[in-house]
Structure formats: C-alpha cells, structure tokens
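Heads up, the thing below is written out as structure tokens.
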Amino acid sequence: MKTNKTEIIRKRSFWEANRQSGGYLLRNRVSRIVVSFVRALLLFGLCFMIIQPLLTRFSTSLMTERDLYDSTVILLPREVTFDNYRIVADLTNLPKSMLNTIWTCTLVSALQVIACTLVGYGFARFDFPLKKLWFGCVIVTIIVPPQTIATALYMNFVNFDILGIFKHFTGKGINLHGSLVPYSLMSLTCMGLKNGLYIYMLRQYFRGIPKSLEEAAYVDGCKTLRTFVKIMLPDAKPTILSCFLFSFVWQWTDLFYTRNFLSNYSIYSNELSTILTRMNYYFSTESGKPTIVPVGRQMQLVSIGILVCCIPLIILYIFTQRTFVESIAMSGTKE
Amino acid sequence: MAKAKMKGGVRRWTLKEIFLTYVPVEPLKRWFYESHRKNSVLLEQKTEIKPDQFLKEALRDRNETDGYQSLIKTPRKSNETFSSMRSRNARIGTMFVLPFIIGFLVFMIGPLVESLMMSFSSVTIVRGSGYESQFIGFTNYKYALSVDPEFNTFLVDEIGRMAINAISTLVLSFVIAVILNQNFKGRTAARAIFFLPVILASGVLPGIEAQIGSNQEITMIESVAEELSSSSGINISETLQELLSVSGVAGSVFQILFDMIDAIYDIVMASGIQIIVFLSGLQAISPSLYEAADMEGCTAWESFWKITFPMVSPLLLVNCIYTIIDFFMKNDNKVMELINEVMYKQVRFGESAAMSWIYFAIALSFIAVSSVIITRGVHYYED
C-alpha cells in the first residue's frame with residue numbers, strides 16, 4: 001500500500017504537485033533560481049573586478065607602442081611583442097634584483113617566523129608575571145605605524161651601538177645602514193613587518209591545542225624545550241607555514257622596510273618604486289638623444305613591472321591557497 | 001611564603017616573584033661569588049664547616065632528642081629562588097617571550113621615545129655622527145597643523161575617506177561572507193579570489209600607479225578615456241547620479257552613497273581578510289540554532305538578525321580594528337606619502353615626526369572610540 005502511494009506521488013508532474021501545494025513549490029523553486037542567479041551575478045562581478053586589472057595589464061604588456069595609442073585596439077594587441085618585458089627587465093635590474101628579493105625574503109621571513117613561534121608559544125602556554133602587559137605591547141606593535149619610528153630607527157642603525165660598547169672602542173657607533181644586519185636583528189626580535197599579527201595568530205593556534213598532550217610529555221620526563229620541539233611544533237606546522245607564507249608575500253611587496261634598511265641592495269620592490277625616475281634616462285641612452293617617455297608608455301611599463309612582481313606571488317598563491325585562507329579563518333574564530 | 005592573593009582562582013604574582021622572574025638573581029650571585037672568590041679564600045677557609053662536622057653540631061644542638069627531624073626540616077637556603085613549579089614555569093615562559101621583549105624595548109620603545117623627542121625639537125643632520133636636536137616645544141606641531149599647506153587638508157580628507165570606507169568595508173565583507181557561506185558550486189574558487197587582494201594589494205603595488213598621475217599634471221590616458229566615455233552614448237550610472245543629486249532629496253546622503261560606490265574597488269581590495277574572518281565566524285554557528293528557529297516559525301530574515309548577526313558580532317570588533325589599522329598604514333594613503341616626502345625629500349625630521357605623531361594619535365583615538373562603540377553592542381555567546 002505504502003509503496004504504491006509514493007510511486008503515485010513521484011509520478012505526478014511538477015505542475016500537479018504545485019497545484020496541490022497551493023503554489024508553494026513553484027514559488028520556492030523560482031525564488032531559489034532567482035537567488036542563485038543574483039548571487040552568481042554579484043560574485044562574478046566582484047571577482048571580475050579583482051582579476052580584471054591583472055588581465056588588462058597582461059594584455060597591454062604584449063602591445064607595441066603603436067598599439068597603445070591606437071584607439072581601435074582595446075584588449076587584443078595587433079602584433080604580440082615581448083620587447084616590453086626586456087625593457088622592464090633592464091630597468092629593474094631583473095635577474096639580480098629578483099634573486100636578491102627571493103633570498104632576503106626567505107631569510108627575513110624564516111627569522112621572523114622562528115621568533116614569532118617561540119613568542120606565540122610563550123604567550124599561549126605559560127603564565128608569568130606581566131604577561132598581560134607584554135601582550136598589550138604586542139598589540140601596540142600592530143597599531144603603531146612604522147612611519148612614526150622610521151626616523152629614529154634609521155638614525156639608530158646609522159650609528160648603531162649597544163649600550164655604548166662600540167663607542168667606547170672606536171669613538172663612534174658602527175654604521176649598519178645598507179647591510180642585512182639591522183633588518184635581520186629586527187626580524188629575530190619580532191619587530192619586522194606585521195610581526196605582531198603573526199604572534200597573535202600563533203598564540204591563538206597554540207591555545208587551541210589540548211594541554212593534556214604536553215602534560216603527558218612532561219609526565220614521561222620530557223623537558224619543556226623538547227616538548228615544544230617534538231610535540232607542539234609538528235602539530236603547529238600548518239599555521240607556522242602559513243605565517244611564513246604571509247611574511248614572505250608581504251615582505252616581497254614591502255617598500256617601507258626595504259627602503260629604510262636595504263636601500264643599497266637591489267631589491268625588486270625598491271627598483272619598482274624608482275622605475276619612473278630611471279625611465280627617461282634609459283630611453284635617452286638607448287636612442288642616443290634626449291627623450292621624454294610619454295605617459296601611456298610609462299603606464300604600460302609600470303604595469304608590466306607590477307605584473308612581474310605579481311606573477312611569482314600568484315603562482316605561490318595557487319599552490320598554497322588553502323593554507324593562507326584557513327589560518328586566517330582559524331585565528332578569527334577563537335576568542 | 002607570602003600570603004597568596006587570589007583573583008579568579010589564580011594566585012596573583014607577588015612583587016618578589018616578578019622581580020625574580022625578570023632579574024636573573026642566581027646567575028648574578030654565582031658570578032659575583034666567583035669573581036670575589038680569590039679575595040675571600042682565607043675568610044672562607046676560616047668559617048667553612050665540613051659536612052660531618054655540621055651534622056655533629058646540629059645533633060648536639062638538638063640534644064639528640066628529635067633525631068634527624070631537625071635536619072630534614074632545614075630552613076630553605078636563601079639563594080633558592082624558585083619555590084614552586086609555577087615560578088619555574090614563569091621563568092621558562094619569559095625565556096620564550098624574551099625575543100619579543102628585547103625587540104620591543106630596543107626597536108620599539110627606544111625609537112618611539114626618540115621620535116617623540118624629535119617631534120618637540122629641531123633636528124639637524126650632522127654628517128657621520130647622526131643628528132643634533134634642540135628643544136623647541138610645540139613649533140613642529142604648529143608647523144604641521146598651520147604652516148604646511150597640505151597636511152591639514154590631506155588629514156581631513158583621509159579621515160573622512162577612512163570613516164566611509166571602514167563602514168562600507170565591514171558591511172560589504174559581512175554580506176560577501178554570508179553569501180560565501182551558502183552552498184553553491186565554485187565556492188572555494190570565489191573565496192580564493194576574494195582573498196587574492198590581501199597578497200596583491202600590499203606594499204608597493206597599490207601606490208606605484210598613482211605616482212604617474214602625480215608626476216604629470218593631467219594623465220593623458222585618463223582625459224582621453226573621459227572624452228571617450230562621454231561621447232559614446234549614455235553612461236547609465238552617471239546619469240542616475242546626476243538625476244538623484246539634482247532631485248534635491250537628501251543630496252548629501254546620496255553624495256556619500258556615490259562616494260561609496262565609486263570606492264567599491266578599493267573596498268573590495270581592502271576586505272580580503274575581513275571576509276575570511278566573518279566567514280569563519282559564520283561557519284562556527286551550530287546549525288541546530290537555525291533548525292530550532294525554523295521550527296518556531298522564524299523566517300530567514302528574522303533568523304539572520306536574531307541568530308547570524310549576534311553570533312558574528314564579536315568578530316565585528318576584530319575586523320573593525322583591523323580595517324582601521326590597515327587603512328591608516330596603507331602606502332597609497334596621502335598623509336603617509338606626505339610624511340615620507342617631508343622626511344626623505346625635504347629632510348625635515350622634526351616636522352615629519354610631529355606629523356606622524358598627530359596621525360598616530362588620531363588613528364589611536366579612532367580605534368578606541370570604535371572599539372568602545374562596538375563592545376557595547378556586541379553579544380558574547382558562551383557555550
């Protein structure tokens with residue numbers, strides 16, 4: 001009897017069912033379609049808006065100078081040229097600056113992450129006097145704009161001295177400006193770019209790990225440091241990795257710290273920020289007569305520079321997208 | 001031991017303990033003894049008591065009545081600093097946090113104080129040996145606020161822009177998070193794309209193209225583009241904008257709305273992290289709440305305002321603070337540019353320090369005010 005009934009219901013046409021439900025079924029289905037359509041439209045629009053600059057940059061990067069001023073050419077270049085890339089590579093001192101960037105970013109972010117992991121663990125697991133005060137200081141480092149202390153830091157490193165030790169011997173401090181030392185020192189002491197944020201993220205993560213794990217290790221006679229290395233670190237690998245990625249990526253595009261501490265190095269973001277000033281000179285020496293680069297051309301070359309800066313990041317992001325997103329999601333939910 | 005003061009079930013740290021955690025007393029003592037040993041060798045030899053002799057003396061003192069009891073209960077030696085597991089943990093904890101403490105004291109507090117001093121003095125660079133400064137009171141602040149032609153207007157501009165942008169960033173990221181929380185195909189891809197600006201719109205990248213515009217008086221391409229758009233048919237959004245603002249009904253309100261809509265690109269680019277944070281909050285809400293509401297006859301709209309919004313509201317604070325900080329520190333921010341220019345191009349360190357302190361104070365007050373407002377309206381859900 002029962003099976004018979006359900007079969008009948010299933011066999012009924014949609015309209016019949018709709019009639020029986022008093023129009024509810026139709027209304028429901030229509031509203032579902034409309035909602036998903038609007039949602040798709042909205043999301044597509046917004047996503048397109050984010051990606052579109054990259055696409056236009058890519059298409060203009062392949063244009064010749066003539067195509068650039070041709071109003072009939074909008075997206076697809078008439079003839080594809082890779083010559084622009086060569087010019088930008090010359091302007092930004094490319095293979096060298098990129099290698100320098102990769103190596104400094106890796107070094108600096110590795111140091112930052114090591115320091116931040118230690119500090120984050122300390123804040124998460126141990127109770128010690130003035131803990132709240134120090135954690136407030138972490139928040140302060142997030143809030144203080146680096147520009148506020150830029151001058152003083154700059155001076156500090158031009159005339160670097162620890163408690164007047166060097167002054168005692170040589171009469172003045174040592175000039176550390178332009179070497180990697182100051183920034184690695186700062187990275188090692190959690191004062192690099194957005195390090196407060198990483199401390200916060202790692203602290204949140206460590207707080208989420210059950211305490212019994214460590215207690216078991218302690219009971220078995222494991223010392224604190226060993227417990228940290230053997231038990232906590234393997235567990236926190238994803239978060240540490242994502243902090244490293246954030247640090248790497250932000251360091252890659254950072255201008256403030258690179259300009260202040262690594263101005264002698266050929267770092268890509270530094271080169272990119274001064275690309276405009278070198279453009280006229282470059283074209284003048286190439287053509288043998290003084291030339292002023294027109295605005296359109298300037299824009300094209302700058303956007304190629306940006307594109308070159310973005311490409312490694314995008315490739316990195318495609319492979320590590322989950323790590324990025326999930327670590328932020330995790331640090332947001334707790335507390 | 002000092003009387004334990006309890007606060008919420010946890011004993012508070014006594015001053016002595018705080019002191020002992022941060023000052024390595026024991027190594028210092030040992031070092032002190034070691035260095036003075038040679039001088040006091042003779043003295044030590046005189047007073048030194050050999051262990052068995054000590055034992056005998058102790059036993060004799062106690063009249064041999066309570067046996068070894070007195071020995072077991074020997075008073076704590078004075079240089080034993082860590083009385084409990086808790087103090088030992090405290091010492092280890094500070095060891096872990098030590099890098100930050102050192103960094104904060106050396107590279108944050110030091111420069112911060114120095115730049116504060118700089119903002120109150122006239123700074124002249126001396127080749128080879130840093131700078132010299134002379135105290136001149138509030139002159140730099142006066143310069144920044146009343147003499148410099150651009151600082152004031154930029155400041156007001158940026159703050160206005162920030163207030164509008166912060167609100168719309170929060171709203172937009174919340175809406176997008178709600179949308180992304182629904183089930184549909186390509187959700188992960190959409191989430192990834194919305195997060196992309198966090199990586200790509202950082203550091204040099206947003207500011208560099210604006211430089212071209214500031215170098216040339218009028219950007220040729222822009223003017224050409226404007227002409228093209230005005231000649232090619234009707235621009236719907238602009239027509240609508242004109243119609244609405246001419247109609248006279250709440251013109252200024254519409255103007256703000258238009259500003260928001262014009263800034264949508266900036267807003268979307270700035271809301272990557274906020275979206276993810278809201279999204280994680282949304283996913284943490286247990287579905288049983290919605291089920292219960294549905295059983296009671298709540299509509300989707302009602303359950304949005306009664307469940308979704310209150311449950312996510314604590315994250316509003318985090319996001320709001322993050323948005324404000326992010327906005328204040330952006331590279332394409334006009335005030336930041338001005339400060340950089342005054343510092344590096346005009347080499348006026350005192351003035352630039354004053355400017356950045358004004359800016360910092362404003363940012364701080366913004367964060368304080370908004371967090372006070374939000375914490376009042378926030379509902380904290382406890383399991």
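Sequence lines set the chain letters: A, B, ... in the order given, protein chains first and strands last, and positions in each chain run from 1. This one's a predicted model, so the numbers in the text were calculated from it and none came from an experiment.
Heavy-atom distances place both the backbone and the side chain of A:Met186 under 4.5 Å from chain B. With a 4.5 angstrom heavy-atom cutoff, B:Val198 touches chain A via backbone and side-chain atoms both. Both the backbone and the side chain of A:Cys137 come within less than 4.5 Å of a heavy atom in chain B. Proximity to chain A is absent for every atom of B:Leu116, based on heavy atoms less than 4.5 angstrom apart. Residue contact with chain A, scored on non-hydrogen atoms closer than 4.5 Å, is absent for B:Phe278. In this structure, the portion of A:Phe246 lying under 4.5 Å from any heavy atom of chain B is its side chain and not its backbone. When heavy atoms are compared at a cutoff of 4.5 Å, A:Ile199 approaches chain B solely by way of its side chain, counted from C-beta outward. In this structure, the portion of A:Leu42 lying under 4.5 Å from any heavy atom of chain B is its side chain and not its backbone. Both the backbone and the side chain of A:Phe324 come within less than 4.5 Å of a heavy atom of chain B. Interface remark: A:Ile318 contributes no atoms to any contact with chain B (heavy atom separation under 4.5 Å).
When B:Ser115, B:Ser352, B:Ala192, B:Ala189 are compared by the number of non-hydrogen pairs under 4.5 Å with chain A, B:Ala192 comes out ahead. Chosen from A:Ser269, A:Cys190, A:Cys47, the residue pairing most often with chain B at heavy-atom distances under 4.5 Å is A:Cys47. Contact count versus chain A (heavy atoms, under 4.5 Å) is highest, among B:Thr94, B:Ile109, B:Ile276, B:Ile325, for B:Ile276. For the options A:Leu316, A:Val140, A:Leu46, heavy-atom pairs under 4.5 Å to chain B are most numerous at A:Leu46. Ranked by non-hydrogen atom pairs under 4.5 Å with chain B, the options A:Val249, A:Val325, A:Ile51 are led by A:Val325. Comparing B:Val268, B:Ile101, B:Leu98 by heavy-atom pairs within less than 4.5 Å of chain A, the highest count is held by B:Ile101. Of the residues considered (A:Ile143, A:Leu313, A:Leu54), A:Ile143 shows the highest number of contacts with chain B, using heavy-atom pairs under 4.5 Å. Options A:Gly120, A:Gly122, A:Ser36 differ in how many heavy-atom pairs under 4.5 Å they form with chain B, and the most are formed by A:Gly122. Interface check for chain A: of the options B:Ile273, B:Leu364, B:Ile339, the most heavy-atom pairs under 4.5 Å are formed by B:Ile273.
Around atom CZ of A:Arg322, no more than 12 heavy atoms belonging to other residues, nucleotides or ligands sit under 6.0 Å away. The number of heavy atoms from other shown groups lying within 6.0 Å of CG (B:Leu15) does not exceed 12. More than 12 heavy atoms of other residues, nucleotides or ligands sit less than 6.0 Å from atom CZ of B:Phe184. Counting non-hydrogen atoms of neighbouring residues, nucleotides and ligands closer than 6.0 angstrom, the OH atom of A:Tyr218 exceeds 12 such neighbours.
Contact between B:Tyr265 and A:Pro53 at its shortest, heavy atoms only, is OH-CG, 3.3 Å. Summarising the geometry of B:Ile179 relative to A:Arg39, their closest heavy-atom pair is CG2-CG, 3.3 Å, with the distance given to 0.1 Å. Taking both residues in full, the closest heavy atoms of A:Phe126 and B:Asn89 are given as CD2-O, 3.5 Å, listed atom of the first, atom of the second, then distance. Considering all non-hydrogen atoms of both residues, A:Lys194 and B:Asp326 come closest at NZ-OD1, 4.2 Å.
Of the inter-residue distances, the one linking B:Ile92 atom CD1 with A:Arg125 atom CZ reads 14.0 Å to the nearest 0.5 angstrom. Note that the CG atom of A:Leu43 and the CD1 atom of B:Ile193 stand 9.5 Å from one another [nearest 0.5 Å]. Taken from CD1 in B:Ile264 to CE in A:Met49, the straight-line distance is 5.0 Å, to the nearest 0.5 Å. The CE atom of B:Met95 sits 11.0 Å away from the CG atom of A:Leu225 when rounded to the nearest 0.5 Å.
Contact annotation: the side chain of A:Ile50 approaches that of B:Pro197 to within less than 4.5 Å [non-hydrogen atoms, C-beta and beyond]. Under the 4.5 Å side-chain criterion, counting only non-hydrogen atoms from C-beta, A:Ile314 is in contact with B:Leu200. Between B:Val106 and A:Met191 there is no side-chain heavy-atom pair separated by less than 4.5 Å. Counting heavy atoms from C-beta on, the side chains of A:Thr189 and B:Phe100 never come closer than 4.5 Å. Looking at heavy atoms from C-beta onward, A:Val138 lies out of side-chain contact with B:Phe104 at the 4.5 angstrom threshold.
Annotation: B:Phe96 is not in aromatic contact with A:Phe123 [ring centroid separation under 6.0 Å not met].
A donor-acceptor pair under 3.5 Å is absent between the side-chain atoms of A:Trp252 and the main chain of B:Ile199, judged by distance alone.
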